[in-house]
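Since we're looking at a predicted model, the values are computed, not measured.
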Amino acid sequence: MQPEPGAMYSDTFSHLPDPAMQPEFYADVTVKRAMAWVFDIVLIAVITLPIALITIVGLFFIPMIWIAVGFVYRWATISGKSATLGMRLMSIELRDGFGNRLDPGQALLHTLGYTVSVSMFPVQLVSVVLMMLSERGQGLTDLVLGTVMLNRRA
């Protein structure tokens with residue numbers, strides 16, 4: 001539904017490509033997002049393991065080290081280029097409701113939302129279902145923050 005000329009229009013996503021008119025921005029994004037997630041998980045494991053092995057005590061703290069490394073990795077890469085290394089490999093990136101790359105504050109909130117959602121299975125399940133069913137492929141954190149994952153422009 002289009003707003004009438006001169007009418008106030010405050011749709012959060014009005015500045016983003018319309019999935020019906022420009023589907024190429026959203027094509028295969030959910031699958032690419034899953035593949036990027038697997039790549040990032042492997043990379044985080046490769047970084048976490050040596051840190052945990054530095055001391056024997058570190059082996060007892062692998063879950064906490066994993067969470068810390070993952071959080072810093074995601075926040076740093078998303079705040080830098082609006083995409084983790086896995087997302088860059090899959091040619092996708094996060095954008096805010098105005099189509100801009102995420103700034104460090106938005107990246108921090110997105111990373112916090114992601115961390116909370118993966119920490120609780122029901123929340124993660126809801127997020128995955130939303131990614132598969134919503135027209136823009138947004139997860140729970142994306143809907144709360146008004147962010148969207150798009151195919152990177154060539």
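- Take M35 and apply the side-chain contact (heavy atoms from CB on, under 4.5 Å) test, not counting sequence neighbours, and it matches V31, M90.
- Legend: residues meeting salt bridge (charged side-chain N to carboxylate O under 4.0 Å, His left out) with R101, ordered by chain and number and at least two apart, are E93.
- Side-chain contact between D103 and Q106 is present, with heavy atoms from C-beta onward closer than 4.5 Å.
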What side-chain donor-acceptor pairs closer than 3.5 Å can you find for residues 22-29, not counting sequence neighbours?
| residue | atom | partner | partner atom | Å |
| --- | --- | --- | --- | --- |
| Y26 | OH | P17 | O | 2.6 |
| Y26 | OH | R136 | NE | 3.2 |

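- Between H110 and D142, the side chains place a donor N or O and an acceptor N or O closer than 3.5 Å (distance only, hydrogens not considered).
- Hydrophobic clustering keeps I65 apart from V72 (ILVMFWY residues linked when any side-chain heavy atoms are closer than 4.5 Å, directly or through intermediates).
- Residue L125 is not grouped with residue M120 when hydrophobic side chains (ILVMFWY) are merged at heavy-atom distances under 4.5 angstrom, including chains of intermediate members.
- Here side-chain hydrogen bond (donor to acceptor under 3.5 Å, both in side chains) pairs that include residues 74-83, with residues two or more places apart or in two chains, are R74-Y114.
- Atom CZ in R95 sits 7.0 Å away from atom CG in N100 (nearest 0.5 Å).
- No more than 12 heavy atoms of other residues, nucleotides or ligands shown are found within 6.0 angstrom of CH2 on W37.
- Taken to the nearest 0.5 Å, the OG atom of S134 stands 8.5 Å off from the CE atom of M131.
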**Request:** Go through the steps to decide whether M87 and M149 satisfy the test side-chain contact (heavy atoms from CB on, under 4.5 Å), and finish with yes or no.
**Result:** CA-CA 9 Å; M87 292 173 196; M149 187 73 72; 3.7 Å; yes

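- One hydrophobic cluster holds both L85 and V69 under the rule that ILVMFWY side chains link at heavy-atom gaps under 4.5 Å.
- Under the 3.5 Å distance criterion, the side-chain polar atoms of R152 are left unmatched by any main-chain donor or acceptor of I92.
- Here the CG-CG distance, from L16 to L150, works out to 6.5 Å after rounding to the nearest 0.5 Å.
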**Request:** Take T147 and T141 through the side-chain contact (heavy atoms from CB on, under 4.5 Å) test and state the conclusion after the steps.
**Result:** CA-CA 8 Å; T147 56; T141 299; 5.6 Å; no

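- Each of M132 and L140 belongs to its own hydrophobic cluster when Ile, Leu, Val, Met, Phe, Trp and Tyr are linked at side-chain heavy-atom distances under 4.5 angstrom.
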Side-chain atoms of residues 38-52: list all donor-acceptor pairs with protein atoms under 3.5 Å, sequence neighbours left out, distances to 0.1 Å.
| residue | atom | partner | partner atom | Å |
| --- | --- | --- | --- | --- |
| D40 | OD1 | Y73 | OH | 2.5 |
| D40 | OD1 | T84 | OG1 | 3.4 |
| D40 | OD1 | G86 | N | 2.9 |
| D40 | OD2 | T84 | OG1 | 2.5 |
| T48 | OG1 | I44 | O | 2.7 |

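- Applying the side-chain hydrogen bond (donor to acceptor under 3.5 Å, both in side chains) definition to pairs two or more places apart or across chains, those involving residues 115-133 are S117-Q124.
- In the hydrophobic clustering of this structure, V116 groups with L143; members are Ile, Leu, Val, Met, Phe, Trp, Tyr whose side-chain heavy atoms approach within less than 4.5 Å, directly or through other members.
- Here the side chains of L94 and I78 are in contact, with some heavy-atom distance below 4.5 Å.
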